[in-house]
Amino acid sequence: MPSLSFLGTGSGIPSSERYFPCTLVHLDRLRLLVDAGEPCVHLLRERGAIIQEIDAILITHGHVDHIGGVPAFLQGAMLYGRTKPLSIHLPQEMISPLRAWISALYLPESGLGFSINWMPWDPASPLLWEGVTVTPQANGHLELCYRGLLDADSSKACQSYSLAIEQGDFRLVFSGDLANSSELSPLLSKPATVLVCELSHITPEELAGELAKADLKTLCLVHLSEDLVGDREDLQSKMEEILPAIQDVMIPEDGSVIDF
Ligand SMILES: [Zn+2]
């Protein structure tokens, strides 16, 4: 039975109540970690042997709240005696800097006790393991957030992705962080079991407009902006009212587990 464990549901703003984005996806024999915001390794430790069992880490983009927990995860896996190879899927431009960071933290990859397969996202080549397909879809989130910054490097790559994860009839879409709500449209052109959608960079109204015609069973709202997080019940009831065709609208908290 597929399940989602929401380890961190917060936005990019530090909070003692909501950690940075990290979701554990269970699909039959596969264990996938979607984003690895801090303090993911601490939260995974509470789930028994899962640090040794995770098959792959899927990083939607290189903002620190989505990728910052990777070095501590690797150190934790080493200290727990992990031997199982680990795949890390991420934007191409993050691979060399992340490997250099890990090396600078006195974690030589050859000494971890397990191999790491560094795999750049390629929207033209969906991943396929154990009957599960993961398809990345590029979005404009990083372009939008980064290019306007003072002293931004105009030559810097800005790859960011949404993800569709499919196994049989179960279809799970992670929005990642978005530039605008219309980026969801191609992801929802097929029926989806669940959409895990951020609400820091798009508004509830924009999302509702995009979902009006979607064939979607469950909507999980995460990464809520500071102005939305204060009144979650109001947000939930508003979305339920606007989107009556969706069976379940949920606002998971850190630690929430949803079985499908
Ligand atoms: Zn971001």
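For clarity, every value in this text was computed on a predicted model and none was experimentally measured. Atoms within each ligand, like the ligands themselves, are counted from 1 in listed order. Side chains are part of it too, since the values below use all heavy atoms of this structure and drop only hydrogens, waters and symmetry mates.
In summary, an N, O or S atom of His61 is located under 2.8 Å from the Zn ion (ligand 1).
Using modelled atom types and a 3.5 Å distance limit, the side chains of Glu109 and Trp118 yield a donor-acceptor pair. Looking at His63 and His141, their side chains do bring a donor and an acceptor atom within 3.5 Å of each other. A side-chain donor-acceptor contact under 3.5 Å links Gln167 and Asp28.
Ring geometry for Phe170 against Phe260 counts as tilted: the plane angle lies between 30° and 60°, on a 0 to 90° scale.
To the nearest 10 degrees, the angle centred on the Zn ion (ligand 1) between NE2 in His141 and OD2 in Asp177 reads 100°.
Summary: ND1 is the N/O/S atom of His63 found nearest to the Zn ion (ligand 1).
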